[in-house]
Protein chains: 2
Amino acid sequence: MSAEKTADGTVGKALEVLDSVAAYGRPVRFSELQTSSPYPKATLYRLLQTLVRQQMVNLNETDGTYSVGLRLVKLAHAAWETASLAPIARAHVAALAEQVEETVHLAQFEAGQVLYVDKRKSNDQFETLAQVGKVAPAYCTGVGKAMMAFLGPKQLQLALNQQAFHRYTPATLTNADQLQAELEHIRADGVAFDREEHEQGTISIAAPALTSEGRVIGAISIATSTARKTIDDLNRLKPDLLQAAEHIGQEATSWQFPA
Amino acid sequence: MSAEKTADGTVGKALEVLDSVAAYGRPVRFSELQTSSPYPKATLYRLLQTLVRQQMVNLNETDGTYSVGLRLVKLAHAAWETASLAPIARAHVAALAEQVEETVHLAQFEAGQVLYVDKRKSNDQFETLAQVGKVAPAYCTGVGKAMMAFLGPKQLQLALNQQAFHRYTPATLTNADQLQAELEHIRADGVAFDREEHEQGTISIAAPALTSEGRVIGAISIATSTARKTIDDLNRLKPDLLQAAEHIGQEATSWQFPA
DNA sequence: CATAAAGTTTCATATAATGGAACTAAAGTT
DNA sequence: AACTTTAGTTCCATTATATGAAACTTTATG
């Protein structure tokens, strides 16, 4: 485990146990948790009981399985309401999806990563929470590069240090210099492109959502497959995209959304 | 603080701090957290730094405020996916709302309380997460009584002990004997009514969703105001409600949803 | 019924956390 | 500009909490 996590003693351990329960995505028995835990059996057991008493984990006494608990769901909800741009931006995301007839993503920048907070396909009857909440790297996604390009210098330096530059496809940018050059282009052009950098066959055009003071609060993108459209096709959607991004920025500023 | 929380030492304290950050619902400064914290300044500060390092809390270095962090949002998402009946039940909730043209709620039973996991109004274009995740008492809500009525005896006893019997309106049931008698009626009738017991002017009819083995996994309700409809009007919707509840139970059983 | 596996508890010892006091930085006042 | 107040941060002797191997209990299996 990382030195950072070690430094956080009991709390760090408890949260790691919580993560492992959550990661199973289904109720899990103690012995299963034990097989993948770095902790001695007694330690794991005690941490788990603490989490159960704190209602972060639920113990189903009928079959002896553990699953995420009510208190976490409550915290989850508070986290979503406080930190998510999705409620404010929803109408604009929906309108853009209808207009361009492609998948539209809304994302935020957190700890150097991209967090998808909304996704809308024009023919969906509803959006599902299961589609949002996903985290992706910033350096090789449209929304990630769009947000990085408009960060202040201090935040940008920190963000650059937080990129792993793992090569996902042959098109992935794999070092900070390449990325910096790309970000200059994006700043000049106003939009970012994902040219199959994260996922082969997937391209997108993205624009940052900025407050009236120019601070990055998120990004919106139109994504499609190379089978359906080309980068030039996406570029033709630039005006609609920029307008939606600007609307989101304006609305967030009027709501005094934290940036 | 309760003895239970005290017994959980540092983890309990850290979670309490996390709760208080989440409860603000907006970015908050250290001094504000301090005013309502039971902990000495140094202790609060150190717990907060631990949560920041663990990414459960985010520190905005620009304005020195704390807010919920990415890791909590990730855990949130996992919690939702694992523990929520909402994705499985969604189509049935939507169909019922369309059919009866009133607000339909979907809820689950957790730690003696009702957790709303979906809500649909027939004329909504979308549902918002902000509407779900709310917790309510069981003894004076339609969904709560519907679920309690079909609990096994051991679980029912525990659940009865978890009710506060606070009087919300003149119609609120305020002791276990009254509630037990009401639950007998509900078992016989198959549905529960909220007769302005939780909120003046709000009435509802609710039915439990049961697995094929008869275990309670949730409840669904049709809620309206006394200005719009009477209890008799709601009773006429009983067949549609029971059918939707049964469909949800069947689908959950086929998905092997944990009960 | 015996054995194995899973879950739970004990307690001497080790480690982590505490919190008053002091320090540093930022904001406010004169 | 200087001083005061408030907010944020760090120190470290002391205290509290956590640890984890071993043992025990319960449940499952052959």
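Note that the structure is predicted; figures quoted are calculated from it, not measured. Lettering of chains follows the sequences in order, A, B, ..., and the numbering in each one begins at 1.
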What's the [atom1]-[atom2] distance between [X] and [N], to the nearest Å?
X     : N      : atom1 : atom2 : result
A:L47 : C:dT15 : CG    : P     : 16 Å
A:Y39 : C:dA16 : OH    : C1'   : 14 Å
B:Q34 : D:dG8  : CD    : C1'   : 9 Å
B:E61 : D:dA7  : CD    : P     : 20 Å
A:L44 : D:dG20 : CG    : P     : 11 Å
B:L48 : C:dA17 : CG    : C1'   : 16 Å
B:R53 : C:dA17 : CZ    : C1'   : 12 Å

Is the backbone of [Y] close enough, under 3.5 Å, to the side chain of [X] for a donor and an acceptor to pair up by distance?
X      : Y      : result
A:Q163 : A:A159 : yes
B:Y39  : B:Y45  : no
B:R29  : B:D63  : yes
B:Q178 : B:T174 : yes

Subject >> Nearest heavy-atom neighbours spanning B:I248 and B:I217 >> reply: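 Nearest heavy atoms, B:I248 then B:I217: O-CD1, 4.4 Å.
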
Original post:
Nearest heavy-atom pair of A:A146 and A:A219: which atoms, and what distance?
Top reply: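 Nearest pair, atom of A:A146 first, then A:A219: CB-CB, 4.3 Å.
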
Original post:
To 10°, what angle do the rotation axes through the five end pairs on each side of the helix from C:dC1-D:dG30 to C:dT30-D:dA1 form?
Top reply: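 For the helix from C:dC1-D:dG30 to C:dT30-D:dA1, the axes at opposite ends meet at about 50°.
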
Original post:
Nucleotide by nucleotide, 5' to 3', does protein get under 4.0 Å of the base (B), only the sugar-phosphate (S), or neither (-) in nucleotides 25-30 of chain D, counting heavy atoms?
Top reply: ------

Original post:
Would A:L183 and A:R187 count as a side-chain contact (heavy atoms from CB on, under 4.5 Å) if you check the C-alpha gap in whole Å, the side-chain angles of each, and the deciding distance to 0.1 Å?
Top reply: CA-CA 6 Å; A:L183 298 183; A:R187 250 179 245 116; 4.0 Å; yes

Original post:
Taking the side chain of B:P40 as its heavy atoms from C-beta onward, which of C:dG20, C:dA16, D:dG8 lies nearest to it?
Top reply: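 Comparing C:dG20, C:dA16, D:dG8 against the side chain of B:P40, the answer is C:dG20.
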
Original post:
Does a side-chain heavy-atom distance below 4.5 Å link A:V57 with A:L72?
Top reply: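 A:V57 vs A:L72: side chains apart.
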
So, OP1 or OP2 of [N]: does either fall under 4.0 Å of a side-chain N or O from [X]?
X     : N      : result
B:T10 : C:dA16 : no
B:K13 : D:dT17 : no
A:T43 : D:dG20 : yes

**OP:** Drop me the distance from A:Q55's CD to A:L59's CG, to the nearest 0.5 angstrom.
**Re:**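 It is 12.5 Å, given to the nearest 0.5 Å.
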
Original post:
What's the spacing between B:L156 CG and B:L179 CG if we round to 0.5 Å?
Top reply: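 Answer for the CG-CG pair, B:L156 versus B:L179, is 8.0 Å.
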
Please write out each protein N/O paired with an N/O of nucleotides 9-12 of chain D under 3.5 Å, distance rounded to 0.1 Å.
residue : atom : partner : partner atom : Å
D:dT9   : OP1  : B:Y45   : OH           : 3.4
D:dT9   : OP2  : B:Y45   : OH           : 2.5
D:dT9   : O5'  : B:Y45   : OH           : 2.3

